[in-house]
Every structure is written in structure tokens, then in C-alpha cells.
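Both ligands and their constituent atoms are indexed starting at 1 by order of listing. All values reported here derive from a predicted model rather than from experimental measurement.
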Amino acid sequence: MSPPAAIIDTPAPVNGNGVSIKKDYGVKPAVAANGQAKTLDEMENKWEAFTFAPIRESQVARAMTRRYFADLDYYAESDIVIIGAGSCGLSTAYMLGKQRPDLKIAIVEAGVAPGGGAWLGGQLFSAMVMRKPADVFLNDLGVPYEDEGDFVVVKHAALFTSTLLSRVLAFPNIKLFNATAVEDLITRPAPTAADPHAVRIAGVVTNWTLVSMHHDDQSCMDPNTINAPLVISTTGHDGPFGAFSVKRLVSMQQLEKLGGMRGLDMRTAEDAIVKKTREIVPGLVVGGMELSEVDGANRMGPTFGAMALSGVKAAEEALKVIDE
Ligand code: 48N
């Protein structure tokens, strides 16, 4: 039985060059789902007559895939790519989204769930500590906290991370590609007097994370790419996926070696990470705990102010490059 004619949808819109354009789906605030009621109160005790509006499975398939592939097409050329949607990467995206609605920003996050290590405060405890002046970031974000003098405490780390994530996802010029791993960096020759083999970073090489995890037991599964004049890497300290870009810079001889993250020293670690967030090689800014692997900075343990403010600085450093 062929689907009713009304459901055969029109093809995704493309411009004169056949490039998908962001179709305006008329994003509206959420309204009651069932078509009859307009408020939750109106649904009370009306379950006998309750029914959802009609749907055909292919409409769901098209609603998801049309948008996703239009986004893949649209962000294939981005202004900035952020690798890693942990607390630093999301803070960076938040600052860029607020300041530069003109920029196309793609966030590539290997995990299905973005947020990195910021869903808990430390050793699975809920509360998240941020040392002042990181409270100014929480004020800007609108996250409530308890003031303990030199530091503040957010009652649950997930309150910070979910609020930050929701603000970032609400920016129309930012797209999160989660469950997607950066497998390599796109480079262009940028020889210098000191290094004829020097490169500048010009984008990222991506694949579904589940594919990235099985290159050793499947035949060749080639990646996809996103071109961008600037990449911001915030992939965290070393681990299964961590410190990705800086380790790749070493293997492509753009960095001689990594300093390696040092032992825990809260007071020196946080200042160092924020102050040294910077463009490591042309076209690549590194922030958050990934940076500790470059400079051999100490780790700070269960305090997150440096992640937020490293994100603020990473956004600043990125705009210096983009606007130069
Ligand atoms: O949360 P993380 O790991 O990294 P940061 O730098 O945003 O925040 C670090 C912070 O959580 C701490 O480690 C705290 C402060 N503790 C310090 C200490 O002393 O222990 O987020 C990195 C994100 C994760 O979500 C990864 O999944 C993702 O980056 N990621 C990648 N995404 C895409 N492609 C990759 N190759 C990749 N590698 C990591």
C-alpha cells in the first residue's frame, strides 16, 4: 500500500549550486503534542478520548535524516570546529554563540552524551565547585550556586552542564555532531624558516565513533571531513579519546613532544590552564585539560572554574585568528 499522496514530501531545498540550504522549518516554541489540548491542564482526565495526531513511519525517518544530512552538507564548510563538548568546549561554544551569530560553528563530540567529565563534581559526588572569579560565568549563564567566599558550589554538576548545553544548542549557528569522533586533522602546508614541513590546521576528519572504535576489526571504513580555518581542541587529558589533537601534532611532527599532565595542585593548575589557553599551531587553539598534556601543567582535580574560563579565553583567542 503506497503512502497517502499528502505524505510524499518535497525534496530538501538546495541552492543554485545544489548545496543544501538550511530550510526554515519555522522553529516554534513547544506546544502540546496531541493537537486537541493546548495546555497540560486541558489534558487532565481526558485520557478516554486521548489520541496522538496521525503519523507514518517514513515521516519520522525523513524528519530526522533530512535535517541531519542538510546539516552535514551545510557545516561541511564551517568557520570554527570545536572538538570535544566537555565543560571547556561547551563554554567556548557558549561564548562564541553569544558574540558571533555570523559564524558557522560545528561541535564534534565522540560521546553520545556531551558534557565530558562535568556531570559530577568529583568521585561521583553531585556538587560542583568553582573558584571565584568563575562565578561570573555562572551568573552570565544563569546557574544558581551557594557562595562560600572564595569559591561557589553548584548543587549538582548536571545543573551547570545541562544549562550550558541547552544554551549552546539553542544558538541557530551552532550544530552539535555527537557520537562522532575526530579521527584526524586536515592540514595545509605552511612552511616557515624554522620548519619547512610546518602546517596550518584547516579542518577535521570525522567518523561515527562506533566506526572509529572498530577500524581494527572491520575492512576500511573511510572518514568524512569538515573544512574550517580554525579548530579549537578541548578533548580533555589523556585517555582512550583524550588529548587527541596534541597527540596527533606530535605524531605529525608539529610538536616535538608532550609535557604530560603533572600531579594534582589545584592552585597552580587552574591559573596555568586559563592563562595558557592559546593557538598552539596555526589554525589550532587548545583549551581545557588537553592543554595540560602540552605544557605539563598540573591537574586541578574536582574544581571546574578553569574549564569555564579556559573556554572564555579559547573563544577570545579563536576570534583573534578568525578576524585577523
Ligand atoms: O570533560 P573533558 O574530558 O575535557 P575538558 O577539558 O572540557 O574538562 C576537563 C574536566 O572535566 C576535568 O578533567 C576536571 C576539571 N578534572 C581535572 C582533573 O584533574 O582530573 O571533555 C572532553 C570531551 C569528551 O566529551 C570526549 O568525549 C571528547 O572531548 N573527545 C572527543 N570528541 C571528538 N573526537 C575526539 N577525538 C575526542 N576526544 C575526546
Exercise. Assess Lys175 against Phe177: is NZ or CZ under 6.0 Å from the centre of the six-membered ring, and within 45 degrees of the ring's axis?
Key: yes

Quiz item: Cation-pi between Lys132 and Phe151: NZ/CZ under 6.0 Å from ring centre and within 45° of the ring axis?
Solution: no

Quiz item: Would Phe137 and Phe304 satisfy side chain to side chain contact (heavy atoms under 4.5 Å, CB included), going step by step from the backbone distance to the final call?
Solution: CA-CA 11 Å; Phe137 188 83; Phe304 286 79; over 6 Å; no

Quiz item: Can you tell me how far the CG atom of Leu291 sits from the OG atom of Ser233, to the nearest 0.5 Å?
Solution: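 Interatomic distance, Leu291 CG to Ser233 OG, rounded to 0.5 Å: 10.5 Å.
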
Self-check item: Protein residues having a heavy atom less than 4.0 Å from any atom of ligand 1
Solution: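 Its neighbours under 4.0 Å (heavy atoms only) are Ile83, Gly84, Gly86, Ser87, Cys88, Val108, Glu109, Ala110, Gly111, Gly116, Gly117, Thr180, Ala181, Val182, Thr234, Thr235, Gly236, His237, Phe241, Phe244, Gly288, Met289, Arg299, Met300, Gly301, Thr303, Phe304, Met307, given by chain and number.
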
Exercise. For the pair Tyr68 and Trp208, name the ring-plane relationship: parallel under 30°, tilted 30 to 60°, perpendicular over 60°.
Key: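 Ring orientation of Tyr68 relative to Trp208: tilted.
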
Quiz prompt | Phe171 and Tyr94 aromatic ring geometry - parallel, tilted or perpendicular at 30°/60° bounds | solution = tilted

